[in-house]
Amino acid sequence: MARSLLYPPTRRELVLLLSFIVVLLLVIQPDVTSHLSEYRAYLPLPIADVAHSHPSPSPRPAKGAHPGAPGAEDGLEGVELDWDGIPDMEELIDEAAQEASELGDDDDLPRQKVEQNDLLTMFGPKREPYAAAVREYFPNKRITPSNVLSHAPGFTIFENLYFLNGTAYIVSLDPESFPARNLITGSGFGIYNSPEEVAMREPTDKDMVIISPSRAYQLFGDSAVRLHGTSWWTNDPPQFIAHYYHFSAELMFGLWRTYSSLDPSITPLGQTRLPAPRRWLFPHVPADKWRDYASMNQYVLFASFPSTQLLFQQDVADMAETGKAFLFDRVVYSDRSAAIRGEGWLPRQRMAALAFVHETVRNWWAPIRSNVVRFAGGDLNPFLHPHSPPPAPGQPAPVHEEQEDKPVITYVSRQTWGRRMLIEQDHERFVAALERLSQEHGYEVNVVNMDKLTRDEQIRLAGRTTIMCGVHGNGLTSLLWMKPTPRTTVMEFFMPQGWAFDYQWTASALGMTHYGWWNDTYVTGSSVPAQTNYVDGFQGNEIPLDGEAVARAIHARLQIPLDAPAPPPAQP
């Protein structure tokens with residue numbers, strides 16, 4: 001018969017219970033303490049630090065201060081418990097321990113070392129635990145220094161870039177180790193060509209400055225607001241932003257080419273270990289000045305990085321007006337005026353060309369292309385499963401067969417556009433030649449006006465296209481979504497002797513072949529003109545074209561074996 005609850009426990013029962021508790025504590029304490037020490041930076045902040053702008057100036061932490069605050073101790077030593085039964089931070093400790101358990105080795109990105117410019121960095125965890133610390137404290141006045149992971153004129157990757165009152169700050173004891181300031185940034189003034197206007201593009205101390213840690217402590221105080229993850233920072237004026245080609249094939253193209261240099265393991269289907277940028281700053285662009293007339297800019301952005309926050313001129317001004325110092329974990333920084341000053345700007349005059357100074361990575365554009373094509377409902381190579389894991393660092397990408405699909409020829413017509421059009425009879429003869437190719441060889445032929453298709457239709461069609469043709473114009477920007485193979489070709493039509501590098505350089509940078517047609521002849525590879533040439537009639541509506549010659553060249557390109565070596569990507 002069970003003993004009544006009115007009787008107290010025996011001495012033997014108490015000893016057994018206490019022994020069990022002691023053994024349990026001995027078993028779990030090292031595990032919790034080790035995890036808590038490793039992940040102490042991810043502990044949720046006390047409410048006081050969230051609610052108030054300034055941390056306590058006291059050299060010792062207040063009760064329950066988060067690790068990393070001035071005077072805080074490692075592990076559990078800075079945690080005070082109320083032994084009446086309600087622990088002050090017990091729930092927070094349990095939560096941190098649970099996060100540590102969930103973020104096991106199988107869920108972490110490899111701690112892959114990336115060495116560039118004699119600087120060493122490491123990839124962080126794939127995801128941050130809940131309520132990661134929003135302030136970076138500087139104990140004993142030790143300011144976290146800034147680093148440059150990789151640099152090319154106009155495209156720089158920073159770690160620990162500071163921002164206060166509208167100015168970007170690099171903190172270092174060795175300012176001479178950083179690139180020249182005007183090869184990193186500019187003033188944000190428009191890209192115009194008079195000597196006075198060129199001089200106004202030069203950066204000043206209001207734009208960016210290098211300061212010592214002691215000076216930084218005087219300016220920032222004992223902490224800064226930490227902005228976790230990777231940020232993109234575009235210092236350009238709005239002049240070139242609201243245009244599909246310049247936004248996608250220059251700005252995003254160059255930023256991603258720069259950022260992708262940190263991941264050598266990108267697969268052909270675009271699997272990458274790089275997290276999407278958390279935020280993209282446009283300090284000189286009003287919020288209503290970034291969309292293009294075709295609404296492609298926002299489409300490409302949402303398709304590529306649906307979770308990225310956009311911060312425009314007023315948003316960045318709002319940050320500055322707080323008077324608080326902000327610390328960016330990592331910044332991929334771009335500035336068109338800095339790119340123009342760099343060696344490699346001429347003769348192509350392509351901003352993104354400068355980004356190719358960064359370390360070369362195979363399949364570097366594949367993550368963007370894959371995201372955009374899938375967003376549009378398009379298909380990728382079915383022989384490589386889209387959810388197969390990326391290869392381990394240093395291992396080759398999985399081998400897969402090329403699919404023998406029916407070749408797709410897409411002619412991007414401008415005949416209803418009103419500017420830069422073929423002679424109408426030449427247009428009609430070219431369409432007839434394409435239709436004959438379809439009948440004789442089974443090729444799929446599409447004659448389209450891009451502005452008459454939905455954005456989904458444009459992307460899906462480009463994603464399937466093998467040969468894209470058209471007069472020089474914005475519709476050829478769709479070449480970004482073509483899949484590079486030995487056959488993939490862009491054929492661009494110019495007024496004879498006219499030339500522009502826009503689509504030739506972009507196609508070559510993606511490993512595609514480009515033919516620039518002058519009526520019945522073409523230039524390609526090393527035979528392209530040495531500089532841009534806007535001849536009379538370049539923008540006109542009487543551009544001649546021998547459609548039969550183009551059709552023969554298309555058929556010849558489609559006879560190339562799929563396992564033939566592809567042309568190397570363009571280099572600056």
Asks: Checking Arg362 side chain against Ile266 main chain: does a donor-acceptor pair fall under 3.5 Å?
Replies: no

Asks: Ignoring hydrogens and angles, tell me if any N or O in the side chain of Ser261 forms a donor-acceptor pair with the backbone of Thr258 under 3.5 Å.
Replies: yes

Asks: Would you call the rings of Trp499 and Phe494 parallel, tilted or perpendicular, where under 30° means parallel and over 60° means perpendicular?
Replies: tilted

Asks: Is the shortest side-chain heavy-atom distance between Tyr169 and Ile143 below 4.5 Å?
Replies: no

Asks: Dump the intermediate steps for side-chain contact (heavy atoms from CB on, under 4.5 Å) on Leu301 and Gln298, then the final yes or no.
Replies: CA-CA 5 Å; Leu301 176 69; Gln298 54 268 43; 5.5 Å; no

Asks: Donor-acceptor check, side chain of Asp456 to backbone of Gly377, threshold 3.5 angstrom: yes or no?
Replies: no

Asks: So, the side chain of Arg135 versus the backbone of Val225: is there a donor-acceptor pair under 3.5 Å, distance only?
Replies: no

Asks: Give a yes or no on whether the backbone of Val171 and the side-chain of Ser146 come within a donor-acceptor separation of less than 3.5 Å.
Replies: yes

Asks: Strictly distance-based, threshold 3.5 Å: is any side-chain N or O of Asn235 a donor or acceptor partner for the main-chain N or O of Tyr333?
Replies: no

Asks: Check each of Phe312, Trp256, Phe247, Tyr259 against Trp280 using the ring-ring contact (aromatic ring centres under 6.0 Å, His included) test, and report the only one that passes.
Replies: Phe247

Asks: Give the C-alpha distance, both sets of side-chain angles, the deciding distance and a yes or no for side-chain contact (heavy atoms from CB on, under 4.5 Å) between Thr506 and Thr477.
Replies: CA-CA 9 Å; Thr506 308; Thr477 305; over 6 Å; no

Asks: For Ser172 and Asp174: C-alpha separation, side-chain torsions, deciding distance, then whether side chain to side chain donor-acceptor pair (under 3.5 Å) applies.
Replies: CA-CA 5 Å; Ser172 177; Asp174 187 12; 5.9 Å; no

Asks: Give a yes or no on whether the backbone of Pro277 and the side-chain of Thr308 come within a donor-acceptor separation of less than 3.5 Å.
Replies: yes

Asks: Using modelled atom types and a 3.5 Å cut-off, is there a donor and acceptor pairing between side-chain atoms of Arg414 and backbone atoms of Arg420?
Replies: yes

Asks: If you draw the axis of the six-membered ring of Phe155, does the NZ or CZ of Arg257 fall within 45° of it and under 6.0 Å from the ring centre?
Replies: no

Asks: Is there a side chain to side chain donor-acceptor pair (under 3.5 Å) between Arg455 and Gln458? Walk through the geometry before answering.
Replies: CA-CA 5 Å; Arg455 292 175 294 181; Gln458 292 180 46; over 6 Å; no

Asks: To the nearest 0.5 Å, tell me how far Met482 CE sits from Leu510 CG.
Replies: 9.5 Å

Asks: Hey, do the aromatic rings of Phe158 and Trp233 have their centres closer than 6.0 Å?
Replies: no

Asks: A side-chain contact here means heavy atoms from C-beta on lying under 4.5 Å apart; do Asp451 and Asn449 qualify?
Replies: yes

Asks: Using a 3.5 Å distance criterion without hydrogens, assess whether the side chain of Asn160 forms a donor-acceptor pair with backbone atoms of Pro145.
Replies: yes

Asks: Heavy-atom distance under 4.5 Å between the side chains of Phe220 and Phe326, does that happen here?
Replies: no

Asks: So does Glu197 have more than 12 non-hydrogen atoms from other groups sitting under 6.0 Å from CD?
Replies: yes

Asks: So Leu149 and Arg330, do their side chains get closer than 4.5 Å, heavy atoms only?
Replies: yes

Asks: Can you confirm if the aromatic rings of Trp364 and Phe253 lie within a centre distance of less than 6.0 Å?
Replies: yes

Asks: Are the charged groups of Asp205 and Arg181 less than 4.0 angstrom apart, N to O?
Replies: yes

Asks: Side chains of Thr204 and Ser187, heavy atoms from C-beta outward: is any pair under 4.5 Å?
Replies: no

Asks: Just wondering, do Glu159 and Thr144 contact through their side chains at under 4.5 Å, heavy atoms?
Replies: no

Asks: Do the ring centers of Phe538 and His472 come within less than 6.0 Å of each other?
Replies: yes

Asks: If I take atom CD1 from residue Ile184 and atom CG from residue Leu161, how far apart are they, to the nearest 0.5 angstrom?
Replies: 9.0 Å

Asks: Quick check on Arg341: does its CZ atom have over 12 non-hydrogen neighbours (other residues, nucleotides or ligands) under 6.0 Å away?
Replies: yes

Asks: What I'd like to find out is whether the side chain of Met468 reaches to under 4.5 Å of the side chain of Val412, using heavy atoms alone.
Replies: yes

Asks: Please tell me whether Gln349 and Thr532 have a donor and an acceptor in their side chains that are separated by less than 3.5 angstrom.
Replies: no

Asks: Could you tell me how the ring of His243 sits relative to the ring of His246: parallel (under 30°), tilted (30 to 60°) or perpendicular (over 60°)?
Replies: tilted

Asks: Answer whether the closest heavy-atom distance between the side chains of Ile211 and Tyr162 falls below 4.5 Å.
Replies: no

Asks: Can any side-chain N or O of Asp263 pair as donor or acceptor with the backbone N or O of Ser265 at less than 3.5 Å?
Replies: yes

